[in-house]
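Naming: A, B, ... by sequence-line order, numbering from 1 per chain.
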Protein chains: 2
Amino acid sequence: MPWNLNSDIPVFIQIVEHIKNEIVTGKYKLGERLPSVRDLAFEAGVNPNTMQRALSELENTGLVHSERTSGRFITEDEDMIKEMKTSLVNRQIEEFFKNMEKLGFTNEEILKLVKQYADK
Amino acid sequence: MPWNLNSDIPVFIQIVEHIKNEIVTGKYKLGERLPSVRDLAFEAGVNPNTMQRALSELENTGLVHSERTSGRFITEDEDMIKEMKTSLVNRQIEEFFKNMEKLGFTNEEILKLVKQYADK
DNA sequence: ATTATTGTACTAAGGACTTAATACAGTAAT
DNA sequence: ATTACTGTATTAAGTCCTTAGTACAATAAT
């Protein structure tokens with residue numbers, strides 16, 4: 001799966017979001033080991049330093065933790081992952097509505113547009 | 001109305017989006033004159049150079065044009081504005097669905113979540 | 001035991017964005 | 001005619017992000 005990184009937003013932030021998505025959608029299982037910093041960097045096509053920074057940020061969320069010399073592992077805390085997914089979903093929806101309201105649409109109009117798009 | 005600029009995305013891009021929104025929602029009328037670069041910069045709380053860059057970008061879209069010494073003016077082309085609005089709306093919806101799909105949701109699930117949020 | 005791999009740390013360089021401080025020519029207002 | 005305002009251009013400095021290259025200690029693999 002391509003990483004699809006663009007340049008408008010810092011790459012390390014996009015990487016954090018990408019891996020968060022993979023965790024909350026179950027592509028990584030509980031306690032599973034992540035590929036090494038260098039391997040992930042190669043896969044994503046970025047410098048290892050950039051990947052290291054992203055993973056370091058990701059660690060602050062508690063979703064992953066590092067074992068100094070054996071690798072990085074996904075949390076065993078299933079509730080934390082569920083909460084993260086809820087949080088990400090809410091952020092998307094709120095952001096979407098906020099942006100649509102800036103374009104002058106009411107909730108009803110937004111819902112109608114979404115229906116049309118979903119049934120396309 | 002506050003400009004609500006953040007730091008994850010270049011400020012000049014956020015300004016372009018902000019003014020685009022104001023144009024397509026009719027806060028600026030056809031042919032209306034924009035405030036000066038310096039006034040807009042003060043209002044947005046950014047450096048005049050940054051505002052100048054944003055306005056220069058905006059000019060490339062054709063939505064505004066500058067009269068060398070009297071100011072900047074909104075286009076008289078109503079169709080262009082309508083097309084821009086449609087384009088912005090489509091981008092929002094597509095981006096929203098793309099992000100929700102990355103979180104593992106189907107179109108039906110997305111629609112359901114949006115309904116819940118719209119009726120809150 | 002030796003080798004490879006792990007996360008981590010550090011310095012240096014380049015690029016993009018932003019701010020700051022000026023400056024200029026042309027137009028509007030007086 | 002003079003003054004104020006317009007968009008525009010330029011140079012310099014500072015910050016953040018990214019890449020590159022190197023290095024180290026601790027563990028895993030052999």
Side-chain angles (χ1 to χ4, degrees), chain A residues 2-20 22-23 28-76, chain B residues 2-20 22-23 28-76:
Chain A
W3 288 61
N4 270 336
L5 306 176
N6 67 69
S7 56
D8 273 0
I9 303 177
V11 173
F12 80 91
I13 293 181
Q14 299 178 59
I15 293 175
V16 169
E17 295 306 307
H18 181 87
I19 301 181
K20 273 187 188 173
E22 290 189 323
I23 294 175
Y28 286 116
K29 305 193 195 311
L30 296 186
E32 184 177 345
R33 182 177 173 282
L34 284 167
S36 74
V37 175
R38 294 165 179 81
D39 285 351
L40 282 173
F42 178 80
E43 185 189 328
V46 301
N47 190 276
N49 295 318
T50 305
M51 183 56 70
Q52 166 68 20
R53 171 148 190 200
L55 292 171
S56 175
E57 293 277 333
L58 193 55
E59 214 149 310
N60 295 335
T61 68
L63 284 178
V64 305
H65 57 94
S66 67
E67 304 290 332
R68 190 75 173 70
T69 58
S70 59
R72 264 197 184 75
F73 300 87
I74 307 295
T75 180
E76 309 269 4
Chain B
W3 288 60
N4 269 337
L5 306 175
N6 68 70
S7 58
D8 274 359
I9 304 177
V11 173
F12 79 92
I13 294 180
Q14 298 178 57
I15 292 175
V16 170
E17 294 308 307
H18 181 87
I19 301 181
K20 273 186 187 172
E22 290 189 323
I23 294 175
Y28 286 116
K29 306 195 193 310
L30 296 184
E32 183 177 345
R33 182 178 174 280
L34 284 167
S36 74
V37 176
R38 295 164 179 83
D39 285 350
L40 283 173
F42 178 80
E43 184 189 330
V46 301
N47 190 277
N49 295 318
T50 305
M51 182 58 69
Q52 166 68 21
R53 170 148 190 202
L55 292 172
S56 175
E57 293 278 332
L58 193 57
E59 214 148 310
N60 295 335
T61 69
L63 285 178
V64 305
H65 57 95
S66 68
E67 305 290 331
R68 190 75 173 72
T69 57
S70 58
R72 266 196 182 76
F73 301 87
I74 307 295
T75 179
E76 308 268 3

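Between Ser56(B) and dT8(D), a side-chain N or O to OP1/OP2 separation shorter than 4.0 Å is absent. In this structure, Ser36(B) reaches the dT6(D) phosphate: one of its side-chain N or O atoms is under 4.0 Å from OP1 or OP2.
Residue-to-nucleotide contacts include no donor-acceptor pair under 3.5 Å from the side chain of Arg68(B) to the base of dG26(C).
Note: CG (Leu55(B)) to C1' (dT18(C)) measures 16 Å, nearest angstrom. What separates CD1 of Ile9(A) from C1' of dC17(C) is a distance of 15 Å, to the nearest Å. What separates CZ of Arg38(B) from P of dA9(D) is a distance of 13 Å, to the nearest Å. Remark: C1' of dT8(D) and CE of Met51(B) are 16 Å apart, rounded to the nearest angstrom. Rounded to whole Å, the distance from CD on Glu59(A) to P on dG7(C) is 10 Å. Atom CZ in Phe42(B) sits about 17 Å away from atom C1' in dA20(C), given to the nearest Å. Computed from coordinates, the Leu58(A) CG to dT8(C) P distance equals 12 Å when rounded to whole Å. Counting to the nearest Å, the P atom of dT6(D) and the CG atom of Leu34(B) are 12 Å from each other.
Between Arg72(A) and the options His65(A), Glu59(A), Glu67(A), a side chain to side chain donor-acceptor pair (under 3.5 Å) holds for only Glu59(A).
By the 4.5 Å heavy-atom criterion applied to side chains, Ile23(B) and Val64(B) are counted as neighbours. Using a 4.5 Å cut-off on side-chain heavy atoms (C-beta onward), Asn49(B) and Phe12(B) make no contact.
Of the candidate nucleotides dT19(C), dT8(D), dT19(D), dT19(D) has the atom lying nearest to any side-chain atom of Asn49(A). If you check dT8(D), dT18(C), dT18(D) against the side chain of Thr50(A), the one that comes closest is dT18(D). For Ser66(A), taking side-chain heavy atoms from C-beta onward, the closest of the listed nucleotides dG7(D), dG7(C), dT18(D) is dG7(C). Of the candidates dC17(D), dT8(D), dT19(D), dC17(D) carries the atom nearest the Arg53(A) side chain, counting heavy atoms from C-beta on.
Contacts of Arg72(B) with the nucleic acid, taken as non-hydrogen atoms under 4.0 Å apart, involve only primed sugar atoms and P, OP1 or OP2.
Judged purely by atom type and a 3.5 angstrom limit, Gln14(A) uses its side chain to pair as donor or acceptor with the backbone of Ile9(A). A side-chain donor-acceptor contact under 3.5 Å links Arg33(A) to the backbone of Ser70(A).
Comparing Gln52(B) and Val46(A), the nucleotide of DNA chain D nearest to each residue sits closer to the 5' end for Gln52(B). When each of Thr69(B) and Gln14(B) is assigned the nucleotide of DNA chain C bearing its nearest heavy atom, the one mapping closer to the 5' terminus is Gln14(B). Nearest-nucleotide assignment on DNA chain D puts the 5′-proximal partner with Asp39(B), out of Pro48(A) and Asp39(B).
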